[in-house]
2 protein chains.
Amino acid sequence: MTRERWREIRALIERDIMDGVLEPGARLPTEPELATQYEAGRHTIRRAIAELAKEGHLSVEQGRGTFVQPRPMIDYPIGRRTRLRRNLGAQGIDVTSEPFGADRIPAEGRVARMLNLSEGSPVIASRRLSHADGVPVSFGTLYHDAERFPDIAERRIGLGSVSAVYRSYGIEDYLRGQTQIHARPARSEEARRLRQHPDMPVLVVRALDRELDGTPLAYGQVIWSAARVRFSINIDDEDAG
Amino acid sequence: MTRERWREIRALIERDIMDGVLEPGARLPTEPELATQYEAGRHTIRRAIAELAKEGHLSVEQGRGTFVQPRPMIDYPIGRRTRLRRNLGAQGIDVTSEPFGADRIPAEGRVARMLNLSEGSPVIASRRLSHADGVPVSFGTLYHDAERFPDIAERRIGLGSVSAVYRSYGIEDYLRGQTQIHARPARSEEARRLRQHPDMPVLVVRALDRELDGTPLAYGQVIWSAARVRFSINIDDEDAG
DNA sequence: ATCGATTTGTTCGTATGTATA
DNA sequence: GTATACATACGAACAAATCGA
């Protein structure tokens with residue numbers, strides 16, 4: 001029995017992807033076909049494919065096949081003024097987003113602390129999924145004080161960007177306060193939403209937006225596809241671009 | 001036969017960890033034992049264990065066993081003044097680091113551009129592995145202009161922190177310029193260095209340090225364990241703490 | 001220092017369920 | 001409905017790493 005045959009196969013397939021023998025979007029031969037081609041068992045093939053899928057090179061779809069996946073990386077600047085549309089638009093990326101639910105819930109723990117509200121005060125949690133050039137890149141929840149922004153969920157549906165919603169409340173400018181970033185494996189439901197393989201990690205970004213005088217505006221948690229996004233922190237730049 | 005039994009088993013083990021039935025550091029029963037206990041095949045058990053290991057709850061060691069892993073999260077602030085020791089020391093974390101190699105190589109591509117050197121100019125690449133409270137948390141490479149800092153590798157061995165090395169060159173202060181963050185699955189060698197499971201992701205941080213007048217000092221790429229670190233970006237704070 | 005027992009890692013074979021076209 | 005292709009599952013054997021006698 002050979003030693004770590006799945007690694008050899010993994011490397012062979014990866015080489016074919018890198019060399020362009022397997023073009024982005026192309027379908028791999030079926031697992032039994034690969035098994036005979038590489039003179040290995042189907043388990044071994046699956047292990048190699050799983051590894052490549054985890055790294056974002058392949059996307060495995062039950063009942064359809066296994067496909068070579070292109071991996072565009074977008075660069076998302078984080079700074080004093082962090083604006084999704086303006087920042088990505090400058091890179092020639094078309095950003096769209098769709099709401100998928102909003103709730104009026106009592107603020108608890110971190111949300112209450114960050115928004116400077118007492119535990120249990122009502123907040124509006126509005127959820128959105130964002131696409132860049134048609135591919136899902138992130139989804140997340142934004143929490144607002146329900147007393148100050150009672151109808152924010154409705155306004156977010158009508159108006160495109162967060163900035164536009166704030167302008168409708170008379171807030172012309174706001175700044176990004178604290179931002180926290182960490183990474184972890186994706187839950188299966190998150191992977192499904194982002195249309196990425198379950199083994200690909202996600203980046204979790206928690207952030208607080210403030211008015212110019214320091215008043216907390218919104219606290220949010222956004223899950224980003226680690227395969228599709230990279231963050232840039234430009235501390236000096238006024239516009240974070 | 002096929003009702004995703006491995007997910008059930010995964011959930012059962014995870015519950016035992018969360019409830020404290022399995023304490024941090026405890027060894028799980030062997031795979032064959034778990035197989036009989038849960039009335040499943042060994043493959044199914046392994047699938048459940050692999051998932052939990054990927055999420056950082058378990059650490060699997062060939063020839064020894066499978067252990068419940070505690071997951072301390074350290075908070076690493078990124079700001080104008082980003083200093084490993086001072087920032088983590090303030091959290092009561094003991095930071096140590098050891099060099100593991102240095103080379104004099106020609107600058108290429110990104111390194112040359114960031115350091116404002118012409119392609120092929122000699123740079124010193126010095127590599128270090130850092131521990132927080134004895135656990136490896138990151139390793140990476142720092143690139144310096146070889147003309148300006150010819151013996152930086154030697155000085156980094158003698159002196160503890162990066163700041164101390166710069167002071168020995170007469171540089172009293174420096175600022176963090178651009179920082180880029182992204183996440184990806186760990187290569188097996190990286191996982192070994194960080195003593196984390198191969199399926200746990202890593203965070204990749206690329207950063208440029210500048211002198212107060214803007215002159216590039218060093219460009220670095222550091223791989224952080226996603227299981228053990230979280231980044232905080234405090235844009236307003238002068239000391240990023 | 002060596003051997004053997006223990007435990008996880010890899011591989012094969014085979015069968016059956018589930019999703020897609 | 002049928003065929004195709006991936007997902008899950010069981011069993012068995014051997015390899016590799018670890019540890020203690």
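For clarity, every value in this text was computed on a predicted model and none was experimentally measured.
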Shortest non-hydrogen contact between A:Val60 and A:Ala53, atoms and distance: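 Scanning both residues, the minimum pair turns out to be CG2-CB, 4.1 Å.
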Which pair of heavy atoms, one from A:Ile9 and one from A:Ala48, lies closest together, and at what distance? CG2-CB, 3.9 Å
Within less than 4.0 Å of OP1 or OP2 of C:dT7, is there a side-chain N or O belonging to B:Thr66?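 It does not, given that no N or O in the side chain of B:Thr66 lies less than 4.0 Å from OP1 or OP2 of C:dT7.
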So, is A:Arg47 close to the C:dG9 phosphate, meaning a side-chain N or O under 4.0 Å from OP1 or OP2?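 The answer is no; no side-chain N or O of A:Arg47 sits under 4.0 Å from OP1 or OP2.
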Touch check for B:Arg46, heavy atoms < 4.0 angstrom, all strands: base, sugar-phosphate only, or nothing? base
Excluding sequence neighbours, so at least two apart, what forms side-chain contact (heavy atoms from CB on, under 4.5 Å) with B:Ala186? B:Glu190, B:Ala191, B:Gln196, B:Val202
With sequence neighbours excluded, tell me which residues meet side-chain contact (heavy atoms from CB on, under 4.5 Å) with B:Ala125. B:Ile105, B:Arg127, B:Thr141, B:Tyr143
Check nucleotides 18-21 of chain D for protein N or O atoms closer than 3.5 Å to its own N or O atoms and list the pairs.
residue : atom : partner : partner atom : Å
D:dC19  : OP1  : B:Arg64 : NH1          : 3.2

Starting at [atom1] of [X] and ending at [atom2] of [N], how long is that distance when rounded to a whole Å?
| X | N | atom1 | atom2 | result |
| --- | --- | --- | --- | --- |
| A:Ile49 | C:dT11 | CD1 | P | 14 Å |
| A:Arg5 | D:dA16 | CZ | P | 15 Å |
| A:Glu51 | C:dG9 | CD | C1' | 13 Å |
| A:Leu28 | D:dC6 | CG | C1' | 13 Å |
| A:Arg27 | D:dT4 | CZ | C1' | 9 Å |

What pairs meet the side-chain hydrogen bond (donor to acceptor under 3.5 Å, both in side chains) rule with one or both residues in residues 33-45 of chain A, with sequence neighbours excluded?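 Every side-chain hydrogen bond (donor to acceptor under 3.5 Å, both in side chains) pair that includes a residue of residues 33-45 of chain A, provided the two are not neighbours, is A:Glu31-A:Arg42.
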When both hydrogen-bonding distances must be under 3.5 Å and the geometry is Watson-Crick or G-U wobble, what is D:dA17 paired with, if anything?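 Because both required distances fall under 3.5 Å, D:dA17 counts as paired with C:dT6.
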Heavy-atom side-chain proximity of A:Ile78 to A:Ile181 below 4.5 angstrom: yes
Are the side chains of B:Arg206 and B:Arg110 in contact, using a 4.5 Å heavy-atom criterion? yes
Pairs involving residues 87-107 of chain B, ordered by first then second residue, that meet ring pair (Phe, Tyr, Trp, His ring centres under 6.0 Å) (sequence neighbours left out): none
Checking side-chain hydrogen bond (donor to acceptor under 3.5 Å, both in side chains) against B:Arg10, which of B:Glu55, B:His57, B:Glu4 comes through?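 Going through the options one by one, the only one that passes is B:Glu55.
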DNA chain C contacts among residues 30-44 of chain A, heavy-atom distance under 4.0 Å: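 Listed by number, they are A:Glu39, A:Ala40, A:Gly41, A:His43, A:Thr44.
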Which residue, B:Val60 or A:Ile45, contacts DNA chain C at a nucleotide closer to its 5' end, judged by nearest heavy atom?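 Counting from the 5' end, the first nearest nucleotide belongs to B:Val60.
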